[in-house]
Amino acid sequence: MPNSQKPAPQPKQARAHSTIDVVLAEANKAIKEGGESAVRVQEISAKTNVSIGSIYHHFGDRDGLIRAAYMQTFRGAIQKDIDRVKHFMMKMTSAKEMAEHYDEMLAFLNHHFEKLPARDRASTIGSTTGRPLLKAAIVAVQSELVTSLTEVMELLKERGILKQHLEPRAAAVFTLGMLHGRVIAEFDSTPVGDQAWNTSMLTAFSGLFVGSEEIQLWNQLAAKTA
């Protein structure tokens, strides 16, 4: 397999994980500060004390390093937050109970967008144009995220919380779509504030769930924090 087509590294040893993480952190920093042209293997080697040979061993070539950096950024914050959502939802037995934790969910969204602005995710998606290997890598990551969130939606459907006519994977895609959609506000000349966006997002999210009384309570709680 040509180096340019080498898949993202999946080391088994802890030491190799540490090496990869430090290199990817530096590559992501370079991309954020100066774009892909700022990713220079020799400079990253010098800053991380990881040999050039080791970098090429793990990533194949410079393009492989950039591809892995994009994948890590795209997956990182969202996967951790999905895991948090899973833990939270495991405790929920009704939409009403979810509504009673509105403030907690609002704080969660605020923290989510602080960690990974939607424009960064949009930039990653845009970078896949004309680059089939990068596109395939991001598609694979996105599929992982959708599948993980689908498990949450399936749990909610089993508990009678997700509306029965909704397909769990579609609900998961819709939810992730709202997260990505935040980029519209971030690029607006008169941007909508975080609180206003997140309140609107939670109100739309509540429409996935069963019970008019529960949804009314949800909206009342939203109104109090707006």
Side-chain angles (χ1 to χ4, degrees), residues 1-87 110-151 172-173 176-177 179-183 186-187:
M1 178 183 294
N3 280 344
S4 61
Q5 296 183 27
K6 191 170 182 177
Q10 297 179 331
K12 296 181 180 180
Q13 297 181 346
R15 183 177 179 181
H17 271 291
S18 178
T19 297
I20 289 168
D21 288 344
V22 72
V23 170
L24 287 178
E26 196 62 42
N28 275 314
K29 180 180 177 182
I31 291 173
K32 189 169 185 179
E33 292 177 353
E36 292 182 19
S37 62
V39 179
R40 302 179 182 90
V41 174
Q42 188 169 358
E43 290 182 8
I44 290 176
S45 173
K47 290 179 179 178
T48 61
N49 292 319
V50 176
S51 70
I52 293 175
S54 181
I55 292 175
Y56 284 134
H57 169 72
H58 288 300
F59 301 100
D61 57 14
R62 178 176 173 276
D63 285 343
L65 172 58
I66 291 172
R67 189 162 60 249
Y70 277 134
M71 289 176 69
Q72 185 193 56
T73 298
F74 198 77
R75 175 190 287 119
I78 300 180
Q79 183 60 67
K80 289 178 181 178
D81 282 347
I82 288 176
D83 291 341
R84 290 177 60 196
V85 168
K86 280 185 177 180
H87 180 73
N110 287 330
H111 181 63
H112 174 85
F113 288 119
E114 286 173 4
K115 289 193 303 179
L116 184 61
R119 61 179 174 273
D120 289 354
R121 275 170 278 185
S123 176
T124 299
I125 294 172
S127 297
T128 66
T129 302
R131 302 166 76 178
L133 289 176
L134 179 57
K135 181 178 179 179
I138 296 303
V139 167
V141 172
Q142 181 66 24
S143 294
E144 289 177 19
L145 297 173
V146 171
T147 298
S148 187
L149 189 54
T150 297
E151 293 174 3
V173 171
L176 287 174
L179 292 177
H180 291 309
R182 181 69 173 87
V183 69
E186 293 177 5
F187 278 101

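Numbers here simply count residues along the sequence, with the first being 1.
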(Q) As a quick check of understanding, evaluate side-chain contact (heavy atoms from CB on, under 4.5 Å) for Phe59 and Arg67, giving each step before the final call. (A) CA-CA 9 Å; Phe59 301 100; Arg67 189 162 60 249; over 6 Å; no
Task: Pair Gln142-Leu176, side-chain contact (heavy atoms from CB on, under 4.5 Å): steps then yes or no - done: CA-CA 9 Å; Gln142 181 66 24; Leu176 287 174; 3.7 Å; yes
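Minimum heavy-atom separation, Leu24 to Ala69: CD2-N, 3.6 Å. Residue Ala137 comes nearest to Met71 through the heavy atom pair CB-SD, 3.4 Å, listed as atom of the first residue, atom of the second, then distance. The two atoms that bring Ala172 and Thr150 nearest to each other are CB-OG1, 3.5 Å, heavy atoms only.
Distance check, rounded to the nearest 0.5 Å: OG1 of Thr73 to CG of Asn28 gives 3.0 Å. Atom CD1 of Ile55 and atom CG of Asp61 lie 12.0 Å apart (nearest 0.5 Å). Rounding to the nearest 0.5 angstrom, the gap separating the NE2 atom in His57 from the CD1 atom in Ile20 is 8.0 Å. With rounding to the nearest 0.5 angstrom, the CD1 atom of Ile138 is 11.0 Å from the OG atom of Ser143.
For the side chain to side chain donor-acceptor pair (under 3.5 Å) condition, the pairs that include at least one residue of residues 124-140, sequence neighbours left out, are Glu36-Arg131, Tyr70-Ser127.
Among residues two or more places apart in sequence or in another chain, the side-chain hydrogen bond (donor to acceptor under 3.5 Å, both in side chains) test is passed with Thr147 by Arg169. With sequence neighbours excluded, the residues satisfying side chain to side chain contact (heavy atoms under 4.5 Å, CB included) with Ala122 are Val183. For Lys32, there are no salt bridge (charged side-chain N to carboxylate O under 4.0 Å, His left out) partners at least two apart in sequence or on another chain. In this view, Thr48 and Val22, Val23, Glu26, Ile44, Val50 satisfy the side chain to side chain contact (heavy atoms under 4.5 Å, CB included) rule, not counting sequence neighbours. Residues meeting the side chain to side chain contact (heavy atoms under 4.5 Å, CB included) test with Ile52, sequence neighbours left out: Val41, Gln42, Ser45, Tyr56. Residues passing the side-chain hydrogen bond (donor to acceptor under 3.5 Å, both in side chains) test with Lys86 are Ser148, Glu151, sequence neighbours excluded.
Arg62 places no side-chain N or O within donor-acceptor distance of the main-chain N or O of Arg40, the cut-off being under 3.5 Å.
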